[in-house]
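Only a predicted model underlies this, so the values are computations on that prediction, with no experimental measurement involved.
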Amino acid sequence: MTELYDFDTAIDRRGTWCIQWDGVADRFGVDGLLPFTISDMDFATAPEVLAALRDRLDHGVFGYTTWQQDDFRSAVAHWYATRYGTEIDTGQLVYGPSVLNQLSQLLQMWTGQGDGVVVHTPTYDGFRKAITGLGRELRGVPVGDEEALVRELARPDAKVLVLCSPHNPTGRVWTAAELTRMAELAERYGVAVVSDEIHADFVHEGYVHVPWTRVAGEGRWALITSGSKAFNFPALTGSYGLIGDPADRAEFLRRMETAEGLASPAVLSLTAHIAAYREGGPWLDAVRAYVAGNLGHVAERLSADLPELGWEPPQAGYLAWIDLRAAGVDDAELQRVLVERERVAIMGGAVYGAPGFVRLNVGCPRAKVERGVEALIRAVKAVTSSPSGV
């Protein structure tokens, strides 16, 4: 399948206002680094999406538009039916400019100042910013620690569980049993669930994503997602969600259309979603297979040069979450060597509340992955063989 598409040829993203490439100095303080950072890919989106966008551009009129039409609704339903074997109620659909914007609206609807919002740790930094920025208290529970999850959900002021499914940054794919248990606990303690499923389309072979709609009970819930992660068009903006309770759904739409003034979505985002969900499946399968190969290469190189890490590829996504604690690495010194000597930008785990880890984005041509993993190996060896990395 991958032979039908060219993922090896690098596309120059410099000078395109790209955060990963042009904005690297904002986070790392130095320009010109080879970046493996923010979670977008260096690949052009699916040819079918590009063709649909060109056709829409050729129309030439870009007036106010609506997402509440059958082309969009049926495309989403088709995607869930064909990719996840799940029938969704399209009457539950809502729309927003981004997944994080949807999360912010839901937190404002379902929580008040100082209320507890439960998340799994390590935690995607966007969640942290959204929760604490609204004056809510972020309460972390380690991935897989059910005792801690029960304890936090049971607190009287715990109001929302923000679930990342699959989990970012670890790439964990929750099983149906795990999700059912979370739904039972949330309903028992009266906690609403917001399930961010933007990484769902990138689940790797051997694992199965279960949409929250399949396990949701009688409690409050929302599933929020977008095709932008899997098909690599976040700059077009646009996300959608499913909200179970009709009154909550009506309030969400009221907020978006009146309080937020976002009644008209970006037409190119709608165009891209419809084309991706109707025609983009083969491209997605191919890019996911290519990324799996990239992750396999990282595993092979780490196993050869840093076997003490025991690293294995994630169950989902194109982000290699690497535990360096067994190597005894000092985070600050590692970052110094990566930036100053190796000239690469790799996200440190402290960003996600997990010192001792790094997150390496391998959604890119294999040659770039090779440069990144070799730089990481050299840097780890440098800082563990010499306190100053020299």
Using the ring of each side chain (for Trp, its six-membered ring), is [X] parallel, tilted or perpendicular to [Y], with breaks at 30° and 60°?
X    : Y    : result
F72  : W67  : perpendicular
W283 : Y5   : perpendicular
F357 : W321 : parallel

(request) Ignoring hydrogens and angles, state whether a donor on the side chain of T271 or R56 is under 3.5 Å from an acceptor on the partner side chain. (result) no
(request) Would you check if there is a donor-acceptor pair between the side chains of D42 and W21 at a distance under 3.5 Å? (result) yes
(request) List the steps, then state whether salt bridge (Lys or Arg N to Asp or Glu O under 4.0 Å) holds for D330 with R336. (result) CA-CA 10 Å; D330 178 83; R336 186 189 70 78; over 6 Å; no
(message) Once rounded to the nearest 0.5 Å, what's the spacing between atom NZ of K129 and atom CZ of F127?
(response)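 The distance works out to 13.0 Å.
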(request) Quick one: pull up OH in Y240 and CG in L270 and give me the separation to the nearest 0.5 Å. (result) 12.0 Å
Do [X] and [Y] come within less than 4.5 Å of each other through their side chains, counting heavy atoms only?
X    : Y    : result
P97  : M256 : yes
N361 : I38  : no
M182 : H120 : yes

(request) Before giving the answer on side chain to side chain contact (heavy atoms under 4.5 Å, CB included), spell out for L161 and L149 the whole-Å C-alpha distance, their side-chain angles and the decisive distance to 0.1 Å. (result) CA-CA 9 Å; L161 167 64; L149 181 63; 4.3 Å; yes
(message) For the residue pair R366 and Y290, would you count it as a cation-pi contact if the rule is NZ or CZ under 6.0 angstrom from the ring centre and within 45 degrees of the ring axis?
(response)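 Yes - R366 lies over the ring of Y290, closer than 6.0 Å to its centre and within 45° of its axis.
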(message) Using the ring centroid of each side chain, check whether F231 and W79 are separated by less than 6.0 Å.
(response)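 Distance test on ring centres: under 6.0 Å, yes.
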(request) Assess the pair F233 and H273: is the distance between their ring centroids shorter than 6.0 Å? (result) yes
(request) Identify which one of L242, V191, I243, L106 satisfies the side-chain contact (heavy atoms from CB on, under 4.5 Å) criterion when paired with W221. (result)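 In the set L242, V191, I243, L106, the residue that makes a side-chain contact (heavy atoms from CB on, under 4.5 Å) with W221 is L242.
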(request) Considering non-hydrogen atoms only, spot the tightest contact between V203 and A316 and give its length. (result)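 Residues V203 and A316, closest heavy atoms: CA-CB, 3.8 Å.
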